[in-house]
Amino acid sequence: MSRLLGWSLGRGLLRAAGRRGRGCSALPARAGGPGPEVRGAGRAGPAGRGRGRAGRGPVTSAPLLAALAWFSSPAAADEEEQPGAGAAAPEDAADAAEAEIIQLLKRAKLSIMKDEPEEAELILHDALRLAYQSDNKKAITYTYDLMANLAFIRGQLENAEQLFKATMSYLLGGGMKQEDNAIIEISLKLASIYAAQNRQEFALAGYEFCISTLEEKIEREKELAEDVMSVEEKANTHLLLGMCLDSCARYLLFSKQPSQAQRMYEKALQISQEIQGEGHPQTIVLMSDLATTLDAQGYYDEAYAYMQRASDLARQINHPELHMVLSNLAAILTHRERYTQAEEIYQEALKQAELKRDEVSVQHIREELAQLSRKSRPVT
């Protein structure tokens, strides 16, 4: 079952994304213990901000970061479904090993949340070794999935790809169906990796598989009674479809296909509004992204309407990315040649970015203000 990130954790993962670091992943072994380690620098994913129309415009994220913004726990299991979760006190060696694995996994997840990836890596290797020693297949699968997520957020894309494939193989080998949300979530991460590596054919095929599979699944299950499938389960499947649409849209916009991206964003926004509400942080981000896409096509009035609404909502909830939403609003105002308003909004965005200590955004906004000053200066 897929769940959305708490926003603060999501932003923490975004900060970690794109960094280079030593390779960390262990490949699955056929028998007898963990397979050979893969070590290397890892390939950093795109961590910058995209450029809008004519090289300048609203701030957007690359496809890899789009996926990260939605993901929470590993796809292999939810928090409550970890190996042995909720079990009684250990009574034998197997129970003791399982209890120790659970504690290691909790420590690893805490290290990831605290932005301590190296510590998390060491803990996960200990968990994997113990899982193999006790032949706990569920623990092996869950640990591989956590390792894959860690490599993913560190930008070690080749290692992450191998580990996600290994996790998927374990899940399918255990009888899980291809349409299960856990498989779809891993498939989405793989598509995001291919997008970050500019492997367009694989990326588009991956996004198409995720979206079409989920749409067919939702259509099949919409009439099921609540005693067969709960409202929460149906909502989670819809939210996972929203993730897929969002990630694919960002890739299409990144690939300069704004009209196709627009259709994806409209669907993702509708899902988020219906299930999470208009004031949810993710809904606001999608509203801003849709506005960015409209702006890239020259639909400035429509873009402004969406971005104005997004900025109003972001102010109301003190959105953690308020400065980026405001910066996007100012960019659209610039395109509409409303330079005085644009400067006011940029100044507000700059103050917010400085409060957040987001140096990348501070630099971007200052550059935009300099450009705006040259545009609005009277010709002599």
Side-chain angles (χ1 to χ4, degrees), residues 2 5 10 13-28 37-50 60-76 112 117 120-121 124 141 143-172 178 181-214 240-255 257 261 264:
S2 177
L5 271 177
L13 297 185
L14 290 181
R15 286 195 299 274
R19 279 190 312 214
R20 292 187 180 272
R22 65 191 181 91
C24 65
S25 306
L27 292 175
E37 276 193 327
V38 178
R39 295 199 176 274
R43 185 180 301 174
R49 286 170 167 78
T60 60
S61 300
L64 176 63
L65 302 190
L68 291 171
W70 292 76
F71 290 124
S72 75
S73 58
I112 293 171
E121 175 191 337
L124 287 171
T141 304
T143 305
Y144 272 130
D145 200 29
L146 261 178
M147 294 174 81
N149 277 277
L150 179 59
F152 187 52
I153 65 178
R154 297 178 76 186
Q156 297 169 352
L157 303 185
E158 292 175 2
N159 282 339
E161 178 187 354
Q162 293 177 65
L163 282 162
F164 280 131
K165 287 179 176 178
T167 306
M168 187 183 293
S169 178
Y170 272 99
L171 293 172
L172 292 172
Q178 279 198 336
N181 285 3
I183 298 296
I184 300 297
E185 187 171 321
I186 293 175
S187 299
L188 177 56
K189 291 177 184 177
L190 285 169
S192 300
I193 288 171
Y194 299 142
Q197 294 172 329
N198 294 317
R199 296 162 69 181
Q200 183 176 22
E201 182 179 353
F202 289 97
L204 291 175
Y207 287 131
E208 171 60 27
F209 166 76
C210 293
I211 293 169
S212 61
T213 301
L214 285 171
L240 182 54
L241 175 58
M243 294 185 205
C244 298
L245 292 164
D246 177 24
S247 188
C248 185
R250 288 186 187 239
Y251 178 60
L252 291 168
L253 187 58
F254 196 69
S255 304
Q257 301 177 63
M264 298 283 184

Say you draw a straight line from [atom1] of [X] to [atom2] of [Y]; how long is it, rounded to the nearest 0.5 Å?
| X | Y | atom1 | atom2 | result |
| --- | --- | --- | --- | --- |
| T167 | I186 | OG1 | CD1 | 5.5 Å |
| N181 | L188 | CG | CG | 11.5 Å |
| Q156 | Q162 | CD | CD | 11.5 Å |

Smallest separation among heavy atoms of S192 and S247, with atom names:
OG-OG, 3.2 Å
Just so I know, are the side chains of [X] and [Y] near enough to count as touching, which here means a heavy-atom distance under 4.5 Å?
| X | Y | answer |
| --- | --- | --- |
| L171 | D145 | no |
| L253 | R250 | no |
| L190 | K165 | yes |
| E201 | Y194 | no |
| I153 | N149 | no |

Stepwise side-chain contact (heavy atoms from CB on, under 4.5 Å) test for M147 and T143:
CA-CA 6 Å; M147 294 174 81; T143 305; 4.2 Å; yes
I'd like to know whether Q257 forms a side-chain contact (heavy atoms from CB on, under 4.5 Å) with Y251, so could you lay out the CA-CA distance, the side-chain angles of the two residues, the decisive distance to 0.1 Å, and finally the verdict.
CA-CA 9 Å; Q257 301 177 63; Y251 178 60; 5.7 Å; no
Partner set under side-chain contact (heavy atoms from CB on, under 4.5 Å) for I211, not counting sequence neighbours:
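Scan of I211 (side-chain contact (heavy atoms from CB on, under 4.5 Å), adjacent residues dropped) gives E215, L241, C244, L245, C248, M264.
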Across all chains, not counting sequence neighbours, the side-chain contact (heavy atoms from CB on, under 4.5 Å) partners of S187 are M168, I183, F209, C210
Would E121 and L150 satisfy side-chain contact (heavy atoms from CB on, under 4.5 Å), going step by step from the backbone distance to the final call?
CA-CA 8 Å; E121 175 191 337; L150 179 59; 4.0 Å; yes
For the pair F152 and F164, name the ring-plane relationship: parallel under 30°, tilted 30 to 60°, perpendicular over 60°.
perpendicular
